[in-house]
Participant: 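Quick one: structure below, then a few questions.
This chain uses plain numbering: 1 for the first residue, then up along the sequence. Values below: all heavy atoms of this structure, side chains included; hydrogens, waters and symmetry mates excluded. If you're wondering where the values come from, they're calculated on a predicted model, not measured in any experiment.
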Amino acid sequence: MAEQHEKALVPQIRFTGFTDPWEQRKLGELCSFSKGCGYSKNDLRDQGTPIILYGRLYTNYETQIHSVDTFVKPLENSVYSEGGEVIIPASGETAEDISIASVVEKPGIILGGDLNVITSSADIDPVFLALELSYGKPHFDLAKRAQGKSVVHIHNEDIANVFFGHPNIAEQRRIGAFFDRLDSLITLHQRKYDKLCVLKKSMLDKMFPKGGSLYPEIRFAGFTDPWEQRKLGELCSFSKGCGYSKNDLRDQGTPIILYGRLYTNYETQIHSVDTFVKPLENSVYSEGGEVIIPASGETAEDISIASVVEKPGIILGGDLNVITSSADIDPVFLALELSYGKPHFDLAKRAQGKSVVHIHNEDIANVFFGHPNIAEQRRIGAFFDRLDSLITLHQRKLELLRNIKKSMLDKMFV
C-alpha cells in the first residue's frame with residue numbers, strides 16, 4: 001500500500017498503483033432504488049423460501065450476506081433478489097442501527113418489507129457501496145436524515161440524496177476484497193470462540209455432579225470414588241479485603257483487585273492485574289492461591305462468582321470475601337465449583353438485598369461443597385485452565401482483528 005495525504009478526496013492509505021482522487025456524486029446518480037415487500041417474524045417457517053427481514057441487518061452487521069437460515073411460504077407479490085443488491089433497513093430503534101448496509105450475495109432470496117433495496121450501476125461495486133454506507137461519511141449523513149423518535153425511518157429518497165465518494169471500479173473491488181478477507185477471519189475466530197464457550201458450558205455441566213448425586217456424568221480415567229460433601233467452613237478459612245474504590249486508582253503503584261472485576265471479567269484465575277493504587281498501611285495483600293468472591297453487587301448471579309488470585313503481593317480491595325483453602329482443596333477447583341456448580345446457585349439464594357445484594361463469609365462457609373480427591377480436583381482445574389486459555393486466545397484475536405478493521409475503515413475511506 002502507498003500512503004497519500006495531499007488532496008481532500010484521497011484516503012490516508014491506498015493500495016499501490018491507485019493515485020487518482022476519488023469522485024463525489026449523489027447516490028441517486030449512481031444507483032436505482034426499490035423496496036422489499038411484506039412479511040414479519042410471524043410469517044417465518046422451519047422451511048420454505050429463504051427470506052431476509054430488516055432486523056437481521058442491525059443484529060448481525062454483515063457486509064455480505066452469504067447464507068440465509070430464515071424461511072417463509074412465498075406470496076405472489078414477493079420481491080426476490082437477483083444477487084448483488086445492497087439493502088438498508090427502512091426502520092428501527094435508532095438512526096445508527098438502520099444506517100447500515102449489506103450485500104445480498106445470492107439470487108432468489110425474498111427481500112422482506114421495511115428494506116430499502118439499492119441496485120448499483122456498473123461503475124459501483126456493491127461490496128464497496130455497502131462498506132461506505134455502513135462505516136464511511138455517508139453512514140453519518142444517513143443517520144442525520146433518519147426521522148422519528150420511538151421508531152426511526154430512512155427512505156430511499158434520503159439515501160439517493162447522500163453524497164458518495166468513490167475511486168474507479170478496480171480500486172473499489174480491491175478494497176471490498178480486503179475487507180471481505182478480514183471479515184472472514186473475524187467470522188472464523190468468532191465461531192471458534194463460540195464453540196469453545198459452548199464446550200466449556202457443556203463440560204462444566206457434565207464434570208460436576210447434579211442435584212444430590214456424588215458422581216459426575218464425565219470423569220477422567222482412573223477416578224471412580226464418590227465425591228465427598230462437606231460445608232466449606234470445615235475446609236477453608238475466611239477473611240476480607242480492605243478499603244479502596246475506583247477513585248483511588250492510579251496509573252502506577254501497587255496492583256490491586258477491586259470486586260467489580262470479578263463480575264465483568266469472569267476469570268477462574270487472575271493471571272495479571274492492570275489497576276494500581278498508592279498502598280495504605282492497613283492494606284490486605286494476597287499470598288497467592290486465595291479464592292475471592294465479591295461481597296456486594298447488582299444481582300445475586302453477579303456476586304456468586306469466584307476467582308483465584310494467582311500471584312502474591314496483590315492488594316485485595318474492600319468488598320471482597322477472601323477464602324484460603326486447606327491442603328485438601330485445590331483453589332482452581334474451588335473457584336470453578338463456586339462459580340458454576342451447585343454451590344453457585346446455593347450462594348445466589350443466600351444473597352441479601354434489593355438494589356444492592358450482599359454475600360457474607362458466613363453464607364459461603366455454610367454452603368455444602370462436593371469434591372473428589374485432590375488429584376482429581378487438579379486434573380479438572382488443569383482441563384478448564386487449558387480451555388480458558390484457548391477461549392482467551394480467540395477472544396484476543398477477535399479484538400485485534402476488529403481493531404484492525406476499525407483502523408483500516410478509518411484510513412481507507414475519504
Side-chain angles (χ1 to χ4, degrees), residues 27-28 30-122 124-135 139 142 146 148 151-160 172-173 176-177 179-188 190-191 194-195 198:
L27 268 177
L30 300 165
C31 306
S32 59
F33 300 83
S34 58
K35 289 277 289 183
C37 185
Y39 301 102
S40 70
K41 284 183 179 179
N42 295 331
D43 298 309
L44 295 180
R45 301 289 181 267
D46 292 334
Q47 55 187 3
T49 302
I51 184 171
I52 298 170
L53 297 176
Y54 72 100
R56 171 175 178 152
L57 275 71
Y58 52 80
T59 53
N60 289 20
Y61 293 104
E62 308 151 288
T63 301
Q64 296 185 71
I65 297 175
H66 296 291
S67 62
V68 179
D69 58 3
T70 46
F71 306 93
V72 291
K73 181 180 179 181
L75 305 174
E76 284 187 15
N77 63 341
S78 297
V79 175
Y80 293 86
S81 67
E82 295 182 8
E85 294 91 343
V86 173
I87 53 177
I88 291 181
S91 63
E93 292 184 7
T94 72
E96 287 294 316
D97 279 341
I98 63 175
S99 52
I100 200 88
S102 297
V103 180
V104 184
E105 187 182 54
K106 297 176 181 176
I109 311 294
I110 293 176
L111 304 177
D114 249 7
L115 281 176
N116 297 305
V117 182
I118 310 171
T119 304
S120 58
S121 67
I124 302 297
D125 177 65
V127 177
F128 177 85
L129 173 59
L131 281 165
E132 190 164 352
L133 285 171
S134 298
Y135 304 105
H139 168 79
L142 263 186
V151 177
V152 293
H153 304 275
I154 287 179
H155 306 287
N156 275 326
E157 310 91 79
D158 302 316
I159 306 168
Q172 291 177 46
R173 286 173 180 155
F179 284 104
D180 185 49
R181 173 63 179 149
L182 202 49
D183 282 341
S184 295
L185 287 171
I186 290 170
T187 300
L188 174 67
Q190 183 69 59
R191 285 176 181 161
D194 291 342
K195 284 180 180 178
V198 169

Participant: For the pair Leu75 and Asp43, evaluate side chain to side chain contact (heavy atoms under 4.5 Å, CB included) and give the outcome as yes or no after the intermediate values.
Facilitator: CA-CA 11 Å; Leu75 305 174; Asp43 298 309; over 6 Å; no
Participant: Kindly determine whether Val79 and Ile110 satisfy side chain to side chain contact (heavy atoms under 4.5 Å, CB included), including the steps that lead there.
Facilitator: CA-CA 6 Å; Val79 175; Ile110 293 176; 6.0 Å; no
Participant: Keeping the roles fixed (side chain from Gln172, backbone from Phe128), state whether a donor-acceptor pair exists under 3.5 Å.
Facilitator: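 Not confirmed, Gln172 side chain does not pair with Phe128 backbone.
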Participant: How close do Leu57 and Ile52 get, heavy atom to heavy atom, and via which atoms?
Facilitator: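 Nearest heavy atoms, Leu57 then Ile52: CD1-CG2, 4.0 Å.
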Participant: So if I apply the side chain to side chain contact (heavy atoms under 4.5 Å, CB included) rule between Arg191 and each of Asp194, Leu188, Thr187, which one comes out positive?
Facilitator: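 It is Thr187; the other options fail the test.
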Participant: For Gln64 and Asp183, which I'm curious about, is there any donor-acceptor pair between the side chains at under 3.5 Å?
Facilitator: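 No donor-acceptor contact under 3.5 Å links the two side chains.
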Participant: Compare every heavy atom of Asp114 with every heavy atom of Tyr54, then report the nearest pair and how far apart it is.
Facilitator: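 Closest approach of Tyr54 to Asp114: CB-O, 3.3 Å.
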Participant: Do Thr94 and Tyr58 have side-chain atoms, one donor and one acceptor, less than 3.5 Å apart?
Facilitator: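 Short answer, no.
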Participant: Can you name the nearest heavy-atom pair linking Ala146 to Val152, along with the distance?
Facilitator: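 So the two residues come closest at CB-CB, 4.4 Å.
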Participant: Taking atom NZ of Lys106 as the centre, does the number of heavy atoms from other residues, nucleotides or ligands within less than 6.0 Å exceed 12?
Facilitator: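 No, because the 6.0 Å sphere around NZ of Lys106 holds 12 heavy atoms or fewer from other groups.
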Participant: Using the rule side chain to side chain contact (heavy atoms under 4.5 Å, CB included), only one of Ile65, Thr49, Val104 pairs with Ile109; which is it?
Facilitator: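 Running side chain to side chain contact (heavy atoms under 4.5 Å, CB included) over Ile65, Thr49, Val104 with Ile109 returns exactly one hit, Val104.
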Participant: Once side-chain contact (heavy atoms from CB on, under 4.5 Å) is applied, do any residues pair with Pro126, and if so which ones, sequence neighbours excluded?
Facilitator: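 Testing Pro126 for side-chain contact (heavy atoms from CB on, under 4.5 Å), a comparison that skips the adjacent residues, returns Val86, Val103, Ser120.
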Participant: Among Leu53, Leu111, Leu44, exactly one meets side chain to side chain contact (heavy atoms under 4.5 Å, CB included) together with Tyr39. Which residue is that?
Facilitator: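 For Tyr39, the side chain to side chain contact (heavy atoms under 4.5 Å, CB included) test succeeds with only one of Leu53, Leu111, Leu44, which is Leu53.
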